[in-house]
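Okay, structure first, notes after.
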Amino acid sequence: MSFHENDIPFEKRLKEEMDLWLEEGIISREQKERLLARYEVLEEADETAGPGRLITTISMLGAVLVGAGIVLFIASNWAEVPRWGKLLMIFSSMLTCYGLGFYFGYEKKNYPTVGGALIFLGSIIFGAGIFLIAQIYHIFVHYPHLPLLWGLGILPLAYLFRFNNVMALAIVDLLVWVGTEASFWIPESAYFGNIMPYITLFLMTGITLWTIGLMHRRFVSLRDLSGPYIVIGMLTAYSMAYVLTFDIFRAKLGAAELAPFYIGIVGLFIISGAYAFRPGKQEKAWVPEAVALTVLLLIALLLAFFFAGTSGNGHAQITGGMFNLMTFTANIVFAVIIIGTIILGYIRRYPPYINIGLLFFVLDVFARYFDFFWKLLPRSLFFIIGGLMLLIGGVILENKRKKVLASFHILENE
Amino acid sequence: MKRKFIIIVLFQVMILVGIIAYRQYWVATGARVLLSTESADPRDIFRGDYVTLNYEISSLNHTVLGTEEKFRPKEHIYVVLEKDPDNIYKAVSVSRTRPAAGKFIQGRAGDELELSKLEVLLQDDAGKRQSFSPRWFSGVDKGDRAIFCIGEKNTVLQFYKEEILNKPKCNTGKSISGVVVDIRETKTRQLRVDYGIESYFVEEGKGKAIEAARNAKSLNVEVSLRKDGKGIITGLFLDNKLLR
């Protein structure tokens with residue numbers, strides 16, 4: 001009998017499963033041994049070959065290092081290498097990586113992981129090439145165009161090969177483009193006024209990326225590529241929402257000059273949302289998710305357009321009133337979305353939601369513990385109430401789980 | 001699969017070649033102007049392997065700004081250039097709208113500084129009128145008697161109002177007493193402009209020499225101007241010698 005590489009995880013799962021079968025008396029110990037013997041080759045092969053994930057990680061790290069090396073080499077040997085020589089190096093290294101990557105991964109198919117890493121390296125060199133050419137020819141008139149060209153250039157590659165790492169790189173490039181482009185539009189102003197608009201801008205961008213990810217999940221052919229959108233979108237949106245839980249409601253959080261950005265982002269959100277939540281076979285608990293994403297986007301828009309800042313005269317101390325209400329509300333909203341995301345992750349059995357939710361839960365607890373500015377609630381009370389809410393939530397979830405399992409006639413684990 | 005892959009890679013190659021072609025077209029069709037540089041803030045002059053260039057036209061003075069027109073930061077503006085006898089282009093006027101003819105460069109408005117210059121005319125006891133430019137002047141009005149303490153290069157170290165019962169003396173400097181005939185304050189403004197040609201990549205180690213030349217004002221930069229006034233650096237001239 002011949003095996004495929006994909007059978008290795010199956011064998012591991014089978015082993016675990018058979019322990020249960022043995023316990024439940026479905027199979028005897030002897031049968032288990034005989035069954036396992038059938039897959040012995042796989043276990044042996046896995047042990048000698050080394051874990052697959054490790055190979056991927058090593059290949060990727062290798063790709064990044066070689067990429068950085070090529071960039072440094074071209075950038076530092078300024079005097080020695082003539083202009084055409086530098087261009088030749090950029091083009092030849094990029095084409096060699098792509099060529100070898102395709103050959104190993106898709107023509108001969110014997111080194112798919114290394115092939116993928118080489119194609120990823122090719123897309124790094126492509127981006128480095130854009131920046132090096134701009135540097136060689138002193139073209140820095142409007143530098144946000146550089147990350148934009150990079151992102152747009154490698155996006156088709158991500159879609160053709162279903163490469164999550166190339167996809168993630170393209171998304172990060174486009175985020176950098178949004179940020180640098182916005183810096184040309186945001187007017188100069190005092191009191192961090194020219195930093196604040198980024199918070200709402202990236203909050204909206206993150207929410208929209210997340211929704212685009214959900215749209216990808218609805219298409220069978222694009223499902224594999226949803227991960228980078230969802231993870232990067234969530235990380236961006238949550239980081240910005242996290243910033244909003246601090247003492248920052250003093251300056252304006254948006255800029256009228258950024259209106260074209262807001263319109264573009266909201267447009268993308270509406271289109272991707274319409275696809276992500278269209279009738280048909282929906283994901284579990286899609287309604288609260290759709291509502292939460294829309295509400296969050298609306299909050300970001302309201303803050304960007306209508307919040308004028310509570311600081312009247314520079315360093316005046318702000319106590320009570322509107323300012324505290326904003327910070328308080330932001331904290332409540334943030335806590336609700338984090339816990340909601342974790343619950344959604346469990347319901348949908350989608351680990352990124354659980355992991356990112358837990359990450360920001362920990363960050364939030366940390367920040368609130370050390371938060372000297374936020375004196376609305378005595379800290380101890382906040383922690384006790386928060387903890388109680390979680391415990392009660394746990395009891396409710398436990399009960400629900402029992403009922404659900406009972407309805408399927410499944411006994412619980414002791 | 002293979003065909004699609006080749007098409008995408010060709011697409012990327014085209015992007016890279018496109019950037020070069022675009023630049024070459026710009027240089028070939030653009031108008032060349034020579035701009036002179038000034039010393040820059042020493043704190044961020046030279047970072048890594050590129051030089052920060054600060055042009056004479058990077059800050060526009062009152063005579064160029066002329067009108068009362070205010071420019072918002074980051075606003076697109078057009079600076080009209082004219083050649084001086086040394087072949088260096090100087091700023092002559094600035095506008096929000098694109099000039100119909102002549103050489104002009106497009107930039108973005110930066111911070112506007114308001115500078116004020118005081119001129120106090122004093123008729124001394126000998127009847128001679130002298131003009132001073134103190135940094136500040138208050139408490140003494142037109143027609144009052146005053147005593148000025150004057151340091152080197154005619155700088156006003158101190159001034160006092162002189163009254164019948166109070167005749168102050170200067171601790172340092174030459175003292176001149178007389179009647180204040182006139183107090184004039186002229187306000188000028190200065191606008192910083194960013195043209196997108198403020199950094200230039202150089203060979204490792206060459207930066208220091210260029211930096212020194214720039215500070216000695218012997219560095220000129222050749223810029224190619226596109227039809228819409230956007231500039232791109234095509235060469236650096238150190239003491240009228242092209243740097244490669």
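Note that the coordinates shown come from a computational prediction; the quantities given were computed from them, not determined experimentally. Residue numbering restarts at 1 for every chain, and letters A, B, ... go by the order of the sequence lines.
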- Look only at the side chain of B/Lys74 and the backbone of A/Ser183, and say whether a donor-acceptor pair between them is shorter than 3.5 Å. yes

- Do any N or O atoms from the side chain of B/Arg23 and from the backbone of A/Ala134 form a donor-acceptor pair under 3.5 angstrom? no

- Using modelled atom types only, decide if a donor and an acceptor are shared between the side chain of B/Lys4 and the backbone of A/Leu160 within a distance under 3.5 Å. no

- Could you tell me whether B/Glu82 atom CD has more than 12 heavy atoms of other residues or ligands within 6.0 Å of it? no

- Item | Contact class of B/Ile8 relative to chain A, heavy atoms under 4.5 angstrom | side chain

- Engaged part of B/Ile15 at the chain A interface, taking heavy atoms whose separation is under 4.5 Å: side chain

- Task: Taking all non-hydrogen atoms of both residues into account, name the closest pair between B/Phe11 and A/Gly153 and its distance.
- Result: CE2-CA, 3.8 Å

- Would the number of heavy atoms belonging to other residues, nucleotides or ligands and lying under 6.0 Å from OH of B/Tyr25 be above 12? no

- Item | Residue part contacting chain B, namely of A/Ile154, when any heavy atom lies under 4.5 Å | both

- Message: Does any backbone or side-chain atom of B/Gln24 lie under 4.5 Å from a heavy atom of chain A? Answer side chain, backbone, both or neither.
- Response: side chain

- Take B/Lys2 and A/Tyr106, measure what side-chain contact (heavy atoms from CB on, under 4.5 Å) needs, and give me the verdict at the end. CA-CA 8 Å; B/Lys2 191 172 178 180; A/Tyr106 297 87; over 6 Å; no

- Message: List the residues meeting side chain to side chain donor-acceptor pair (under 3.5 Å) with B/Lys83, not counting sequence neighbours, and say none if there are none.
- Response: none

- Message: Given heavy-atom pairs under 4.5 angstrom as the criterion, report whether the side chain, backbone, both or neither of A/Leu157 touches chain B.
- Response: both

- Item | Intermediate values then yes/no, side-chain contact (heavy atoms from CB on, under 4.5 Å), B/Ile19 and A/Leu149 | CA-CA 10 Å; B/Ile19 299 174; A/Leu149 283 176; 4.0 Å; yes

- A/Ile136 and B/Ile20, any side-chain heavy atoms less than 4.5 Å apart: no

- Please flag which part of B/Val17 lies under 4.5 Å from any non-hydrogen atom of chain A: side chain, backbone, both or neither. both

- Query: Is the closest side-chain donor-acceptor distance between B/Gln12 and A/Tyr98 under 3.5 Å?
  - Reply: yes

- is_close_aromatic(A/Phe161, B/Phe5), centroid dist under 6.0 Å: yes

- Task: Please check if atom CZ in B/Phe237 has more than 12 non-hydrogen atoms from other residues, nucleotides or ligands closer than 6.0 Å.
- Result: yes

- Message: So, using side-chain contact (heavy atoms from CB on, under 4.5 Å) as the criterion, who are the partners of A/Leu95 when residues are at least two apart?
- Response: B/Val9, B/Val13

- Note on the structure: Cut-off 4.5 Å, heavy atoms of chain A, and the answer for B/Met14 is neither

